[in-house]
A.B. asks: 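What follows is a single structure, and I will ask about it in a moment.
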Amino acid sequence: MNQAERYEEARKKYAAIGVDTDAAIQKMMGIPVSLHCWQGDDVTGFDHDGPLTGGIQTTGNYPGKARTPEELMQDMDMAIKLMPGKKKLNLHACYAIFADGEHADRDKLEPKHFAKWVEFAKERNMGIDFNPTFFSHEKVKDGLTLSSPDEETRKFWIEHGKACIRISQYFAKETGMPCVMNIWTGDGSKDIPADRMGPRMRYKDSIEQILSEPYDKALVKPCVESKVFGIGVEAFTVGSAEFALSFAASHDGCLPLMDNGHYHPTEVVSDKIPALLCFFPEIALHITRPIRWDSDHVVLFDDETKEMAKEIVRNDALSRVYMALDYFDASINRVAAWTVGFCSWQKALLNALCLPNGELKKLQDENRMTELMVMQEDVKTYPFGEVWEEYCRQCGVAADYSWLDAVKKYEAEVLSKR
Ligand code: RNT
Ligand code: ZN
């Protein structure tokens, strides 16, 4: 059987349980997923020389990392060509691009410092999401930014946040797609604090000041990302889950952002997605793969990844959940890391679209739990690979590992020469 015949067989098998795989493929093509620029250079950016600091870490020193905006764009282009589906570009403020001799500190960043990224995104028909960078900077004082008791420090970071709101609005206007602007800080302490509320009250006030910058709510979607702990800030995190969720719930237009690496190891974000969808019109996600901690391994097509996608699809929430990848592995080929992670999330979404979700819900509501278990197990071995292959074919990319040959060639010809 050739590919077309194999897909036809699979299509029939799915149709028999009420799943329209052609419709699933069609739907997939229009779902934007945000691709993070920071996998390409280990979260370094272009506005500073120092190391990555502030409660996040990369490990590994695989050769060939991007050192300039041109290299990063070239690598990202290479990865994009290998991936099916609709991409959005996710930038961090530290990826500002300055003209020769020019520099602006984080509180003075302007849209013009991102004009080259806008050009890059527009040429590829991508929207842009944005993140102020509250780390890897000398004005992070004693591990604190927006929650600092030092007013000058706090003011600096508030101004950075406001500058980022203006830049986010510029992105949205230029690309014609809303810009999700995510606030995450590594603020916290290594050991037991004496005051947990003071820093949180300052954090709350700082974010409120940032959001007082005028912006169009249809264009800019501010988010607050929580975290349980970071390396070096084990005892106390200012932006905890309760803090971020309560902040978003009490500030109109502000979204909660859940990163699935930011919870206790037995908690699952798949279960939290429908809980938040009961209350928030829109939510945002950082999709990653934590191993024992927020290790930011490359996303795989594993059980929890599938489960998260299922919760979005079967609750008809594809237009209510902003999905962004957030991982960074410096120990393997970075172009391959981008590609595997993006394709894994694409697979998870397509897989969720190929489930008889209505039927399964009905079994649950009728308390036919034996049938539900049998059916859920049965669909696991349906020929999903054929649907994935057809989707990739329609998108003009390889469905199997043969794409790795192109990456190996790129590594030999471009990356290894850096
Ligand atoms: C860190 C957070 C945050 C960062 C990016 C680079 O733990 O997940 O989202 O990974 O902003
Ligand atoms: Zn994150």
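Start at 1 and go down the list; that is how both ligands and their atoms are numbered.
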A.B. asks: Does a side chain donor of either His36 or Asn131 reach within less than 3.5 Å of an acceptor in the other side chain?
C.D. replies: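 Side-chain D/A pair, His36 to Asn131: absent.
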A.B. asks: Name the residues with a heavy atom less than 4.0 Å from ligand 1?
C.D. replies: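 Close residues (ligand 1, cut-off 4.0 Å): Trp38, Ile56, His92, Trp184, Glu225, Lys227, Asp259, His262, His286, Asp294, Asp326, Phe328.
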A.B. asks: Does a side-chain N-to-carboxylate-O contact under 4.0 Å join Arg334 and Asp75?
C.D. replies: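 Not counted as a salt bridge, because no side-chain N and carboxylate O are separated by less than 4.0 Å.
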A.B. asks: Donor-acceptor pairs are to be reported for all side-chain atoms of residues 56-65 against protein atoms at under 3.5 Å, with residues two or more places apart or in another chain.
C.D. replies:
| residue | atom | partner | partner atom | Å |
| --- | --- | --- | --- | --- |
| Tyr62 | OH | Glu411 | OE1 | 3.0 |
| Tyr62 | OH | Glu411 | OE2 | 3.2 |
| Lys65 | NZ | Thr44 | OG1 | 3.1 |

A.B. asks: Starting from the C-alpha separation in whole Å, work towards a yes-or-no answer on salt bridge (Lys or Arg N to Asp or Glu O under 4.0 Å) for Lys380 and Glu377.
C.D. replies: CA-CA 5 Å; Lys380 282 184 184 169; Glu377 282 305 289; 2.6 Å; yes
A.B. asks: Should Lys409 and Glu413 count as an ion pair when the cut-off is N to O under 4.0 Å?
C.D. replies: yes
A.B. asks: Can Lys116 and Glu119 be counted as an ion pair, charged N to O under 4.0 angstrom?
C.D. replies: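 Looking at Glu119 together with Lys116, the answer is no, because their closest N to O distance does not fall below 4.0 Å.
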A.B. asks: So, with waters excluded, how many protein N/O/S atoms does the Zn ion (ligand 2) have closer than 2.8 Å?
C.D. replies: 4
A.B. asks: Should the pair Trp157 and His160 be assigned to parallel (<30°), tilted (30 to 60°) or perpendicular (>60°) ring geometry?
C.D. replies: perpendicular
A.B. asks: For Met28 and Ile31, what are the C-alpha separation, side-chain angles and deciding distance, and is it a side-chain contact (heavy atoms from CB on, under 4.5 Å)?
C.D. replies: CA-CA 5 Å; Met28 270 308 293; Ile31 306 169; 3.9 Å; yes
A.B. asks: Going by salt bridge (Lys or Arg N to Asp or Glu O under 4.0 Å), name the pairs with one or both residues in residues 266-278, residues two or more places apart or in two chains.
C.D. replies: Glu267-Lys272
